[in-house]
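Structure, as structure tokens:
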Amino acid sequence: MNHFSKTFFLTRFYLRKDWVTLVSWLALMLLMTVGVAAIYPSVYPNLNNRIAIINTLKLPSMRAILGPLQNSTTSISNIFVSELSLWMMLLAGIFAIILANGNTRKQEDNGLLEIMQARCVGRFAPLLATFNELILINGLTTILIGSGLNILNLTGSNGAGNWLFASLIGVAGLLFGSLTILLAQVSNNSSQNLTFTFGFFTLFYLLFVGKMVHPKWPVAWLTPFSVVRKLSIYQHNNFGPILLLFVLGLALFGIGFYLASIRDEGSGLLPSIAGRKALPFLRNYPMLVLVNQFESSAVWIVLLFIFGAMYSSVLGSIQSIVKGNPLITKILQTQANQAITSFLFVISLVFAVIATVPGILTIYKLRTDEKRGLIELIYARPVTRTTVYLANVLIGMAISVVAFVGFEMGIFLTQQATLKSPLKLSHFISLIWANGLPMLVLLTLATAIIVWLPKFGKAIWGVLYVVILLNYFGSLFKIKHWIIESTMFGLIKRNFSHPLATEQICLMVGVELILLIASWEHYRKIDL
């Protein structure tokens, strides 16, 4: 048996295993690109609208968040690619990191890789199958987006530019997936691998932001996001940077492949740090959960704080952005004189949903630890089911709340230094309170799905997508109010300028208690 035996069999197996995730991803990317592009002609119906948004996109704060203008024209297609190029790269990178980690280091930690290799599976087959899956999904993403934009045929677009924009998204996914595979060989476990990969990912983004704010920064070449400055989509259509990213992705995979050949299975190339022989505060299960989640949770908290500081840098020019951008006006449902408070509310709502991710990952351990056989080690000691349930659920909720508070504090502290008339701390406390309640509803819903329907646990990620899309784009697509309000966030979106009504608070708290108690009762009785 050679080292690559059963590679294509494993590739098919991974595709079948991940098909729901992959199809959901393709649908999301098509909606965010082709779907959004389809409404741009109605958002910018005349030249004055387009000139206004072009001038807005030239502001340093907007360049830092969205990237530079792709060309010098005032066409709808230029506005579209200028606003979405960077963020589609970010989305593609995040998805590829999670996918690559799940099929490499995470499987190794779970012992699945050892079981597969006990059969006629070569040593390097799982690694190569993961890379094949990355190529297939990112290639299909490129084809679907490129074809969709060609069919749509926006004013000012051309075939080469459509395929260049689509290729940017596909190559970004391949690049960050390859980086994840490389760092999986260095890391000691999947959690550490995610920490390292998202750490580099954030560093690359911050370097790009620094270049946009300070054009004389000499380190722009260190970040792959800088390629968006060189593409000139729909004008010169420079494919050179895309080819460079593709070669870099292959090189990173090649290095990762070599490192995989010289390391022992189950360990990384980085030396493990020996822990203390005894830690008094680890004498109970809740502290064990807290310590295990500390590293990844700290990364999420720091990331959201940084994003809060970045979005705060836009506040000084948000009024001019709203005046020149009908799309933002529809999303915020406001006028320029209320632009700052409306903008803060909508952004806080979106990041409240994002802040639930580390909490859900912690709650997921109710099932993942059971699958890995770790929970049996816990029950060997006098630990009750209730303790395990409450420890994971309550600590997960606490992590999400702290992460969201970090985001709001990032905005608050930055706007104190940048705005002439900064908002008071009480305004941000109100945002935390208003968004915190529906955020906890999402977390209790995730708990119910994980406990009652473990085979459909991944459906909670689809729920998060739907909540963001309904509340962010609901007014744009004229979604009925009762549908948006069913997400709980819709209730506060309608009345964001007023305190939450007593019946709204009671509704949310009631839903949370019902889901928590029902999930606890079921978890307490189910078999391992």
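What you see is a predicted model; the values in this text were computed from it and never measured.
- Considering Ile306, Leu304, Val299 as possible partners of Val302, the one that fulfils the side-chain contact (heavy atoms from CB on, under 4.5 Å) test is Ile306.
- Residues Ser85 and Ile233 meet the side-chain proximity criterion, which asks for heavy atoms closer than 4.5 Å.
- Tested against Phe428 for a ring pair (Phe, Tyr, Trp, His ring centres under 6.0 Å), the candidates Phe404, Phe407, Phe412 yield a single pass: Phe412.
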Check step by step if side-chain contact (heavy atoms from CB on, under 4.5 Å) holds for Leu91 and Trp25.
-> CA-CA 10 Å; Leu91 276 179; Trp25 165 249; 4.2 Å; yes
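- Side chains of Leu349 and Met439 form no contact here, defined as non-hydrogen atoms less than 4.5 Å apart.
- Considering only heavy atoms from C-beta on, Thr7 stays 4.5 Å or farther from Phe124 through its side chain.
- For Thr362 (side chain) and Pro358 (main-chain N/O), a donor-acceptor pair under 3.5 Å exists by modelled atom type.
- Between Asn103 and Lys17, some side-chain heavy-atom pair lies under the 4.5 Å cut-off.
- Distance alone, capped at 3.5 Å, is enough to place a donor-acceptor pair between the Ser82 side chain and the Gln70 backbone.
- Using modelled atom types, no side-chain atom of Ser400 and backbone atom of Met397 make a donor-acceptor pair closer than 3.5 Å.
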side-chain contact (heavy atoms from CB on, under 4.5 Å) between Met88 and Leu168, worked out = CA-CA 8 Å; Met88 290 300 102; Leu168 173 68; over 6 Å; no
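- Under the 3.5 Å distance criterion, the side-chain polar atoms of Arg105 are left unmatched by any main-chain donor or acceptor of Asn193.
- With hydrogens and angles disregarded, no donor-acceptor distance shorter than 3.5 Å links the side chain of Ser75 to the backbone of Gly156.
- Under the 4.5 Å side-chain criterion, counting only non-hydrogen atoms from C-beta, Val227 is not in contact with Leu244.
- Not a single donor-acceptor pair under 3.5 Å links the side chain of Thr142 to the backbone N or O of Ser167.
- With hydrogens and angles disregarded, no donor-acceptor distance shorter than 3.5 Å links the side chain of Ser232 to the backbone of Asn71.
- Using a distance-only test at 3.5 Å, with no hydrogens or angles considered, no donor-acceptor pair links the side chain of Asn435 to the main chain of Ile432.
- Looking at Asn150, Asn153, Asn237 one by one, the single match for side-chain hydrogen bond (donor to acceptor under 3.5 Å, both in side chains) with Asn162 turns out to be Asn150.
- No donor-acceptor distance shorter than 3.5 angstrom exists from the side chain of Ser187 to the backbone of Ala184, with no hydrogens or angles considered.
- Annotation: side chain of Thr21 is not in contact with side chain of Trp461 (no heavy-atom distance under 4.5 Å).
- Other residues, nucleotides and ligands contribute only 12 or fewer heavy atoms inside 6.0 Å of the CZ atom of Phe246.
- Between Phe208 and Tyr205, the ring planes lie parallel to each other; the angle is under 30°, not in the 30° to 60° tilted range.
- For Ser178 (side chain) and Gly249 (main-chain N/O), a donor-acceptor pair under 3.5 Å exists by modelled atom type.
- Considering all non-hydrogen atoms of both residues, Ala96 and Gly173 come closest at CB-O, 3.0 Å.
- Inspection of the Glu408 and Ser348 side chains reveals an N or O donor paired with an N or O acceptor under 3.5 Å.
- Rounding to the nearest 0.5 Å places CD1 of Ile137 at 4.5 Å from CG of Leu22.
- Using a 4.5 Å heavy-atom threshold, the side chains of Leu99 and Phe176 count as separate.
- From Asn78, atom CG reaches atom CD of Glu83 across 9.5 Å, with rounding to the nearest 0.5 Å.
- At least one side-chain heavy atom of Phe131 sits less than 4.5 Å from a side-chain heavy atom of Leu174.
- The environment of CZ in Phe200 is sparse: at most 12 heavy-atom neighbours from other residues, nucleotides or ligands sit within 6.0 Å.
- In this structure, Phe225 has its ring center closer than 6.0 angstrom to the ring center of Phe201.
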